[in-house]
Amino acid sequence: MTDIKNDYQYQPGFGNHFSSEALPDSLPKGQNTPQVCPYGLYAEQLSGTAFTVDRKHNERTWLYRIRPSVCHTPFAPFHKKTHLVGNYTDEANVSVTPNQLRWSPFDLPTEPTDFAEGLHSIAGAGDVGVKHGMGVLIYAANKSMEDAALYNSDGDFLIVPQQGRLDITTEFGKIMVHPNEICVIQRGIRFSVALPDGPSRGYICEVFNGTWTIPDLGPIGANGLANPRDFQTPVAHFIQEEKPFRIINKYGGRLFEAKQDHNPFDVVAWHGNYAPFKYNLALFNTINSVSYDHIDPSIFTVLTCKSEKPGVAIADFVIFPPRWSVQENTFRPPYFHRNCMSEFMGLIHGTYEAKQGGFVPGGASLHSMMTPHGPDAPTFAKASTEELKPMYIAKGTQAFMFESSMQLQPTHWAIEESGKVQHDYFQAWQGLKSNFDPNWKPAQK
């Protein structure tokens, strides 16, 4: 499959065992580590799970590269100050609050800043050191990564561009990610981000344990939601180049960098099931009620990272796409809610149907565990009185949610340094007055 606008090629499918080679016969035949690999390449295994994980969940890929990835100098602390957190259980890193939180759009940088330099932790739970938890980040950048590659030792990145395409070179091949598409880059995979549209901004959900997968469909059946055939994994693409290169490692919630004398994107062939992928959110097959009541937002789950407890996620990636709303005798916007899950929401474009203002593209909101939330007063008034006819809602809009079973705590940077917290957010619900009528009687039919 080909990205028509950029002529980047992909292999379709989710969770497949892929094979790809940029030169003919560069994949060894019948074994993984021959005494001498084709073209004089090095064989290197990248393991995403422990060797002894059951076959159903075991993830690994064999890479056949010009030089092994070990050829670099020792790592040293990153040359710039960062705003990343690895341990969200330490109050030195987070601002514990049960309040509803909302942020205006995060600023694009004014100084030259690339993707790695523009990462900021917003909220999270758990600790990367014990491989348990998840984090929410934003990125804001205005220049491409130059002669540098980043990899994440802490977890898997789910990247949601909001402004500007991301031209991502990985060890597995090239990926062009547009706004309204997502990209998953797993733990340990090296990548570099170029910005073909200039300044760029977006959101990231990072999971420290488990991996992103498509949700089970249960009684929905065999089809629906995000269909496996619509996920795209790049084909092998290599660069043979002798030049100074920086390798940036996100490790323990910090950035480190090492040097090497060649381009790391030198994988000529690879095979396995541990590989980056992208997905176009416009292809999501939406499920909704066609009779009455507002169905729980879990029906909009694109990807999930499961915990050890069935039905409970470390993180879910949920979207609220354009769709038909046809329920009868129903309050159609999202209902008022207190949740044993935490909900971080972002907006890629458009206007979210449960909020009339304040929640805008590039901004965010956080309703952590058991924090009350719901539609604002103008939305409630409109939805309680409008004529209930079939409506196509959220046209030109794409809101999303990172939902977690964990109690997400915002970082000091997000609360105290970003300058984007909307301190009047609580006012969104102050206009909700009592409509109680002790003399109410049901309408005569």
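One-based numbering along the sequence shown.
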Please check if the side chain of [X] supplies one atom and the backbone of [Y] the other of a donor-acceptor pair under 3.5 Å.
X    : Y    : answer
H367 : Q100 : no
N58  : V53  : yes
S404 : I314 : yes
R165 : M176 : no
S307 : V312 : yes
T213 : T304 : no
R187 : D154 : yes
N87  : T89  : yes
T330 : D293 : yes
Y88  : Q407 : no

Enclosure of [X] [atom1] (heavy-atom neighbours >12, cutoff 6.0 Å):
X    : atom1 : result
E91  : CD    : no
Q45  : CD    : yes
Y292 : OH    : no
R254 : CZ    : no
F256 : CZ    : yes
Q430 : CD    : yes
D437 : CG    : yes

Check the angle between the aromatic planes of [X] and [Y] and answer parallel, tilted or perpendicular using the 30° and 60° thresholds.
X    : Y    : result
W413 : H83  : tilted
F400 : F317 : tilted
F344 : W103 : tilted

Closest non-hydrogen atom pair, [X] against [Y]:
X    : Y    : result
F238 : A22  : CD2-CB, 3.7 Å
H178 : P161 : O-CG, 4.0 Å
R201 : F106 : NH1-O, 2.7 Å
A364 : Y203 : CB-CE2, 4.4 Å
A149 : R190 : CB-CB, 4.4 Å
A315 : V207 : CB-CG1, 3.9 Å

Side-chain touch [X]/[Y], heavy atoms, less than 4.5 angstrom:
X    : Y    : answer
N249 : I247 : no
L408 : M134 : yes
H349 : P179 : no
D230 : Y279 : yes
L166 : F191 : no
L63  : E171 : yes
D156 : I185 : no
V302 : F284 : yes

**OP:** Could you please spell out the steps behind the ring pair (Phe, Tyr, Trp, His ring centres under 6.0 Å) verdict for F380 and F331?
**Re:** CA-CA 8 Å; F380 179 83; F331 182 81; 5.4 Å; yes
N-O pairing of [X] and [Y] below 4.0 Å:
X    : Y    : result
R323 : E353 : yes
K80  : D114 : no
K250 : E206 : yes

**OP:** Using only heavy-atom distances, determine whether the side chains of T397 and T351 contain a donor-acceptor pair under 3.5 Å.
**Re:** no
Original post:
Will you find, in the side chains of Q422 and S104, an N or O donor that is under 3.5 Å from an N or O acceptor?
Top reply: yes
Atom [atom1] in [X], atom [atom2] in [Y]: separation rounded to 0.5 Å?
X    : Y    : atom1 : atom2 : value
L255 : L84  : CG    : CG    : 5.0 Å
S192 : I248 : OG    : CD1   : 8.0 Å
Y8   : H237 : OH    : NE2   : 8.0 Å
R102 : H373 : CZ    : NE2   : 13.5 Å
D167 : S144 : CG    : OG    : 8.0 Å
F402 : L137 : CZ    : CG    : 9.0 Å

Original post:
When you look at Q162 and Q398, which way does the side chain to side chain contact (heavy atoms under 4.5 Å, CB included) test go after all the steps?
Top reply: CA-CA 10 Å; Q162 184 271 318; Q398 190 64 269; over 6 Å; no
Original post:
side chain to side chain contact (heavy atoms under 4.5 Å, CB included) between S342 and E403: does it pass, once the steps are laid out?
Top reply: CA-CA 6 Å; S342 296; E403 185 174 55; over 6 Å; no
Original post:
Which of these, D316, D216, T211, sits in a side-chain hydrogen bond (donor to acceptor under 3.5 Å, both in side chains) with K306?
Top reply: D216
Subject >> Any residue meeting side chain to side chain contact (heavy atoms under 4.5 Å, CB included) with H271, in chain and number order, not counting sequence neighbours >> reply: H17, S19, L27, N32, R60, W62, Y64
Original post:
Mind checking what makes side chain to side chain contact (heavy atoms under 4.5 Å, CB included) contact with A282, not counting sequence neighbours?
Top reply: N180, N280
**OP:** Carefully, step by step, assess H132 and F208 under the rule side chain to side chain contact (heavy atoms under 4.5 Å, CB included).
**Re:** CA-CA 5 Å; H132 184 65; F208 308 152; 5.8 Å; no
**OP:** Apply side chain to side chain contact (heavy atoms under 4.5 Å, CB included) to the pair Q186 and V184, showing each step before the final yes or no.
**Re:** CA-CA 6 Å; Q186 295 90 337; V184 169; 4.1 Å; yes
